[in-house]
Amino acid sequence: MSLATTFLGVNFANPFMNAAGVMCQTENELTSLAQSSSGSLITKSCTSAFREGNPEPRYSKAPLGSINSMGLPNLGFDFYFNYAKNTFPSVNVSNKPIFFSISGLSLEESTSMAQSLCPLATEGQVILELNLSCPNVPGKPQIGYDMEDMDRYLNAVSSVYSMPFGVKMPPYFDFAHFDSAAAVLNKYDKVAFVTCINSVGNGLVIDIDSEQTLIRPKAGFGGIGGSYVLPTALANVNAFYTRCPGKKIIGCGGVTSGSEAFMHILAGASLVQIGTQLQEEGVGVFDRILSELRTLMEKKGYTTLSDFHGKLKTL
Ligand SMILES: C=Cc1c(C(=O)O)[nH]c(=O)[nH]c1=O
């Protein structure tokens with residue numbers, strides 16, 4: 001039995017990693033992930049400069065998951081670049097790969113960061129995940145919901161970034177949108193993977209006792225994660241798996257146990273990101289879900305991920 005996999009020509013001990021934004025903002029958090037049982041990790045989406053983010057409380061656990069309106073708080077591009085280049089190699093005891101997430105507030109900012117990151121990628125030290133789906137920066141719509149904007153971003157980044165990279169997508173809810181988003185992604189051979197999904201934007205969770213919202217920013221509106229989003233995450237994984245045959249899919253959304261991880265892989269995910277459950281349980285979640293997935297595979301007679309990857313059956 002092996003959970004090892006190869007992704008973009010890189011070896012992974014297992015398919016699990018954190019979702020960008022979860023437990024990956026500071027050096028301590030990143031090193032805790034580096035030394036966890038995850039197969040890889042990803043940095044908090046960054047902007048060129050340090051960002052404070054939205055006022056607290058901006059994250060809350062909810063009955064079936066979580067809500068967040070963090071507002072893209074991060075330590076700035078240079079911090080994560082230096083961490084990936086200098087610090088990470090010294091703490092990366094299991095030689096796991098690291099992904100680097102960027103989320104500029106403009107096309108120019110994202111393009112500039114991608115250009116600056118490129119040398120680290122050509123040295124094989126990072127894999128870029130371009131975030132086109134942050135739902136929580138006031139006044140900034142999710143780029144992934146504007147197909148022409150997304151095309152412009154991918155064209156600009158592809159023109160300065162010489163390595164394969166991936167895109168963090170918002171959830172879509174309509175076949176016409178799956179088709180149009182996939183058509184844009186398929187224009188770019190350098191887009192080697194698609195991560196589905198980011199949080200389901202602008203949900204509202206209410207506390208019935210206090211009759212209040214759970215978070216402060218945006219009158220309580222925030223990105224929804226956790227079990228609430230599993231069916232939508234699986235649908236987006238499978239929709240882009242079938243529409244982008246030349247690209248890999250990373251699944252994200254609603255993974256709380258080995259069962260949901262199995263579903264994501266069956267739907268077409270090559271790697272699986274864990275967000276809300278990691279936030280709530282800590283890095284021990286990787287040990288638990290690895291064990292649960294092994295048990296499930298054993299019960300079904302599978303010995304490798306490729307035995308069931310992408311093999312979802314329809315009726
Ligand atoms: C990068 C900002 C994001 C944020 C955030 O920093 O508010 N929250 C999410 O659920 N997804 C994001 O992509």
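Just follow the structure's listing: the first ligand is 1, and inside any ligand the first atom is 1.
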* Within reach of ligand 1, part of Asn131 (heavy-atom separation under 4.0 Å) -> side chain

* Asked: Counting heavy atoms not belonging to Glu123, are there more than 12 under 6.0 Å from its CD?
  -> yes

* Structure fact -> Counting heavy atoms under 4.0 Å, the part of Ala20 that contacts ligand 1 is neither

* **ring-ring contact (aromatic ring centres under 6.0 Å, His included) partner of Phe193, the single match among Tyr188, Tyr241, Phe7, Phe240** => Phe7

* Asked: Given Ile224, Ile197, Leu72, Asn68, which has its nearest heavy atom closest to atom 8 (N) of ligand 1?
  -> Asn68

* Asked: Under 3.5 Å, is there a donor-acceptor pair linking the side chains of Ser37 and Asp287?
  -> yes

* So with a 6.0 Å cut-off around CD of Glu211, is the heavy-atom count from everything else above 12? -> no

* Any N or O of Ser199 closer than 3.5 Å to N or O of ligand 1 -> yes

* Has ligand 1 got any nitrogen or oxygen that is less than 3.5 angstrom from a nitrogen or oxygen of Ser69? -> no

* In ligand 1, which numbered atoms sit nearer than 4.0 Å to a non-hydrogen atom of Ser45? -> 1 (C)

* More than 12 non-hydrogen atoms from neighbouring residues, nucleotides or ligands closer than 6.0 Å to CG on Asp189, yes or no? -> no

* Among the heavy atoms of Gly21, does any lie under 4.0 Å from an atom of ligand 1? -> no

* Asked: With a 4.0 Å cut-off on heavy atoms, is Gly275 touching ligand 1?
  -> no

* Atom pair CG/NZ of Asn155 and Lys190 - distance to nearest 0.5 Å -> 10.0 Å

* Does the pair Glu281/Arg288 count as a salt bridge with the N-to-O cut at 4.0 Å? -> yes

* Identity and separation of the nearest protein heavy atom to atom 2 (C) of ligand 1 -> Cys134 SG, 2.6 Å

* Structure fact -> So for Asn198 against ligand 1, with non-hydrogen atoms under 4.0 Å, the contacting part is side chain

* Proximity winner for atom 4 (C) of ligand 1, if only heavy atoms of Asn136, Ile102, Thr47, Asn74 are counted -> Asn136

* Determine whether the aromatic ring centres of Tyr80 and Tyr83 lie less than 6.0 Å apart. => no

* Asked: Are Lys218 and Asn54 linked by a side-chain donor-acceptor pair shorter than 3.5 Å?
  -> no

* Asked: Is there a nitrogen or oxygen of Pro73 sitting under 3.5 Å from a nitrogen or oxygen of ligand 1?
  -> no

* **Part of Lys44 with heavy atoms under 4.0 Å of ligand 1, whether side chain, backbone, both or neither** => side chain

* **Spacing of Met297 atom CE and Leu305 atom CG [to the nearest 0.5 Å]** => 5.0 Å

* With a 4.0 Å cut-off on heavy atoms, does Gly223 reach ligand 1? -> no

* Say whether Pro135, considering both its backbone and side-chain N or O atoms, lies within less than 3.5 Å of an N or O atom on ligand 1. => no

